[in-house]
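In what follows, a single structure is set out as structure tokens and then discussed.
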There are 2 protein chains.
Amino acid sequence: MKSAKEVFNEYLKEKNLKHSKVRDMIIDIFLKTERHLTAEELYFLVSKKYSKIGFSTVYRTLKHLIRAGLCREIKLEDGITRYEHLYGHQHHDHIICIKCGKFVEVVEPQIEILQEGLFEKYGFIPKSHRMELYGICKKCIKKNK
Amino acid sequence: MKSAKEVFNEYLKEKNLKHSKVRDMIIDIFLKTERHLTAEELYFLVSKKYSKIGFSTVYRTLKHLIRAGLCREIKLEDGITRYEHLYGHQHHDHIICIKCGKFVEVVEPQIEILQEGLFEKYGFIPKSHRMELYGICKKCIKKNK
DNA sequence: CTCTATGCAAAACCTTTGCATAGAA
DNA sequence: TTCTATGCAAAGGTTTTGCATAGAG
């Protein structure tokens, strides 16, 4: 299987886009950070290494990652967009702690099957779905005791 | 069972808030529109009857509806906030047409049970969840044929 | 050299807030 | 009269865009 980096390089070549110090830096930091980053978090991570980075470059680079199929925007109930790794990850949903914001990716094939059933029942052609479970995680339960 | 209007009147009384022509108008239009409105849509519906209405009044009134327990904000993948009726509606999820935007509310108790299982598996205290199914509805399938 | 990438500032969105005035009780 | 409600304009927060310049190939 190709690495995410290779996929991105192919995307650049295909679109006649270029490498640059800044672009490669953002890509590397995004790819090695296996969390659901916000644009702001990514901006701060990059700015530690290169303080002149601009927000627009971060946003523009994220758009490229999306077009290259390496990344997906997710919008949760707080309204802030997060960017999640897509390449080499199977479909999953999220369980989220409303106290500390911790994310866990969850997979539940039986739910997927029932979802297919709902699409069929309502006569829809399935395209995608999202499911988020909000609760309080173990650590935060302990803290409040 | 109390009507939604009664619930709202009690809320106003309890908080020492007042009725007003504009407030009652917004509430009435919201309550009789059984759709998932955006603030903008509600604004335009109201402005047909009363053109001087301001956006801030719409937003402020929606916040009151939320506090009164009659309404819930939902944020979908497009990032735009929609306001959905809460009072007298059982918990449900949504199936959404990505072509025409049509919403259907769906209920699937078996999925709810599996969700509870996931909360337990990951050691979370359940608080809420959301599920949205995105696809293409019957009408839009026909249109594209 | 030519075309793309960048940083900055400004604009674009959606939503909230401050303030003076209108209106409810 | 004494509050609260309203409309307007301004301000917030996040994301996008225009533009002159730097940089890649």
Which listed nucleotide ([options]) is nearest to the side chain of [X]?
X       : options               : answer
B/Ser56 : C/dA25, D/dC8, C/dT15 : D/dC8
B/Ser20 : D/dG25, D/dT6, D/dG7  : D/dT6
B/Lys18 : D/dT6, D/dG7, C/dA24  : C/dA24

How many Å lie between [atom1] on [X] and [atom2] on [N], as a whole number?
X       : N      : atom1 : atom2 : result
B/Tyr59 : C/dC14 : OH    : P     : 7 Å
A/Phe55 : C/dC8  : CZ    : C1'   : 13 Å
A/Glu40 : D/dG12 : CD    : P     : 16 Å
A/Leu62 : C/dA5  : CG    : C1'   : 15 Å
B/Glu41 : C/dC14 : CD    : P     : 12 Å
B/Lys15 : C/dA24 : NZ    : P     : 23 Å
A/Leu17 : D/dA24 : CG    : C1'   : 12 Å
A/Lys13 : D/dA24 : NZ    : P     : 18 Å

Look at all strands and tell whether [X] reaches a base, only sugar-phosphate, or nothing, counting heavy atoms closer than 4.0 Å.
X       : value
A/Tyr50 : sugar-phosphate
A/Arg60 : base
B/Lys63 : sugar-phosphate

Query raised in the report: Where each residue is assigned the nucleotide of DNA chain C containing its nearest heavy atom, which of B/Tyr83 and B/Lys21 is assigned the position nearer the 5′ end?
Result: B/Tyr83
Report task. Determine whether B/Tyr50 and B/Ile26 fall in the same hydrophobic cluster, where Ile, Leu, Val, Met, Phe, Trp and Tyr are linked whenever their side-chain heavy atoms lie under 4.5 Å apart. Result -> yes
Query raised in the report: Does a nitrogen or oxygen in the side chain of B/Thr57 sit under 4.0 Å from OP1 or OP2 of D/dT6?
Result: no
Query raised in the report: Does a salt bridge link A/Arg130 with B/Glu132, judged by any charged N lying under 4.0 Å from a carboxylate O?
Result: yes
Report task. Please determine if A/Asp28 and A/Lys5 form a salt bridge, counting it only when a charged side-chain N lies under 4.0 Å from a carboxylate O. Result -> yes
Report task. Would you sort out whether A/Glu73 and A/Lys63 count as a salt bridge (charged side-chain N to carboxylate O under 4.0 Å, His left out), showing the intermediate values? Result -> CA-CA 9 Å; A/Glu73 285 182 340; A/Lys63 292 295 179 200; 2.8 Å; yes
Query - Between B/His94 and B/Glu84: side-chain donor-acceptor atoms closer than 3.5 Å - result: yes
